[in-house]
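For the single chain, residues carry numbers from 1 onward in sequence order.
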Amino acid sequence: EKKDSSISEEINEPKIERDETTVKQEIPTLEKRGDITINGTEMQWMYELSFWRNPAILITSAKVMLIALFVPTVFMFFISLSDGFMDAIRLSATIFAYGVIGMAVLLIIAYVFVGFLYGGKYYVLFKMDDKGVNHIQLDKQYKKAQALGYLSALIGLSSGNLTTAGSGLMAATKQSLYTSFKKVKSIKVAKARNTIYVNETLSRNKVYISNEDFDFVLEHILNNCPK
């Protein structure tokens, strides 16, 4: 009986020891820095973009339209070269000038219209870690309280806690653009517009950040992008 008891103790001991040394599940600790919530290596924040105070979208749209106008202007220049070099220059310059005026008028009208449609502002969520940054634009009907709710859901998702709000985040998302830091070719800083342009070969991502957190986010991006 003593022998059986000894064997029983030997069998049970490793069990007790294993239970005591079981690795405890780490509970993520959230740190708040300005508008940014830091969860380990991940950061999340919300930015309220004003159509009237931040012209970043207007400037980007104007650049795209100018490039689009430049192509037919050059095409017309080569077509009209048979009439003489100076005539081709004058015709191309005229087309470009009228095109710029027409596009500028249309762009301003469209920008003001969209601005009023969105109530003068919209909300963008950002999720960033050491590998890249995700720009998540919410649809126009979502107000600040809802946007903050989805920010909380985003933080919860990064912690592994899937909630109803987390599921609703996908439905609320109008547009999402992810940029991998290792693929970044150039970075442009426009602190006056609270914008960091993170550019890959074929995509241009805009990271909006408040004045308080601007230098912190910029340093993180610079440290993780190719030198």
Side-chain angles (χ1 to χ4, degrees), residues 28-51 53-64 118 121-140 142 144 146-163 165-227:
T29 55
L30 302 181
E31 177 188 345
K32 192 75 174 174
R33 180 191 174 100
D35 295 329
I36 302 175
T37 301
I38 303 173
N39 180 13
T41 60
E42 292 186 348
M43 308 178 198
Q44 296 89 15
W45 70 94
M46 181 189 76
Y47 187 83
E48 180 183 300
L49 181 68
S50 170
F51 278 85
R53 291 196 300 268
N54 191 335
I57 296 175
L58 181 62
I59 292 170
T60 301
S61 301
K63 287 179 180 178
V64 172
Y118 274 75
K121 57 191 172 183
Y122 71 89
Y123 299 97
V124 188
L125 306 182
F126 290 95
K127 182 177 180 180
M128 183 172 70
D129 56 19
D130 295 341
K131 295 180 180 179
V133 59
N134 199 6
H135 173 135
I136 304 168
Q137 178 186 335
L138 296 183
D139 212 342
K140 63 180 182 296
Y142 291 94
K144 188 170 184 178
Q146 291 170 301
L148 286 170
Y150 287 124
L151 175 62
S152 299
L154 188 64
I155 295 168
L157 286 171
S158 70
S159 303
N161 300 321
L162 181 62
T163 61
S167 304
L169 175 60
M170 301 309 296
T173 300
K174 179 181 180 181
Q175 184 177 358
S176 177
L177 177 61
Y178 178 80
T179 297
S180 173
F181 287 146
K182 66 180 180 181
K183 296 181 181 178
V184 170
K185 300 299 181 183
S186 65
I187 297 170
K188 182 181 175 183
V189 179
K191 193 169 184 177
R193 299 195 295 270
N194 299 97
T195 308
I196 303 170
Y197 297 88
V198 186
N199 305 321
E200 294 184 10
T201 303
L202 297 176
S203 70
R204 304 286 185 267
N205 203 344
K206 294 185 286 292
V207 178
Y208 303 118
I209 189 69
S210 64
N211 290 328
E212 181 184 1
D213 302 312
F214 192 92
D215 292 334
F216 174 71
V217 171
L218 176 59
E219 182 181 5
H220 180 88
I221 293 173
L222 291 173
N223 288 340
N224 288 283
C225 288
K227 306 299 181 186

Can you find a heavy atom in the side chain of Val184 that is under 4.5 Å from one in the side chain of Asn205? no
Show me the pairs that pass salt bridge (charged side-chain N to carboxylate O under 4.0 Å, His left out) and involve residues 181-190, at least two apart or across chains. none
Spacing of OG1 belonging to Thr60 relative to OH belonging to Tyr197, to within rounding of 0.5 Å: 4.5 Å
Would Met43 and Phe126 count as a side-chain contact (heavy atoms from CB on, under 4.5 Å) here? Give the steps. CA-CA 8 Å; Met43 308 178 198; Phe126 290 95; over 6 Å; no
Provide the closest heavy-atom pair for Arg33 versus Asp213 in the form atom of the first, atom of the second, distance. O-OD1, 3.3 Å
Result for side chain to side chain contact (heavy atoms under 4.5 Å, CB included) between Val207 and one of Ile187, Ile196, Thr179 points to Ile196
Quick one about Ser186 and Asn199 (side-chain donor to acceptor, distance below 3.5 Å, no hydrogens or angles considered), yes or no? yes
In Å, rounded to the nearest 0.5 Å, how long is the span from CG of Asn39 to CD of Gln44? 6.0 Å
If every non-hydrogen atom of Phe51 is compared with every non-hydrogen atom of Lys121, which pair is closest and at what distance? CD1-N, 3.6 Å
Distance col, row Asn54:CG vs Thr195:OG1, nearest 0.5 angstrom, shows 4.5 Å
Do His220 and Asp130 come within less than 4.5 Å of each other through their side chains, counting heavy atoms only? yes
Closest heavy-atom pair, Lys32 versus Asp35, reported as atoms and distance to 0.1 Å, is NZ-O, 3.8 Å
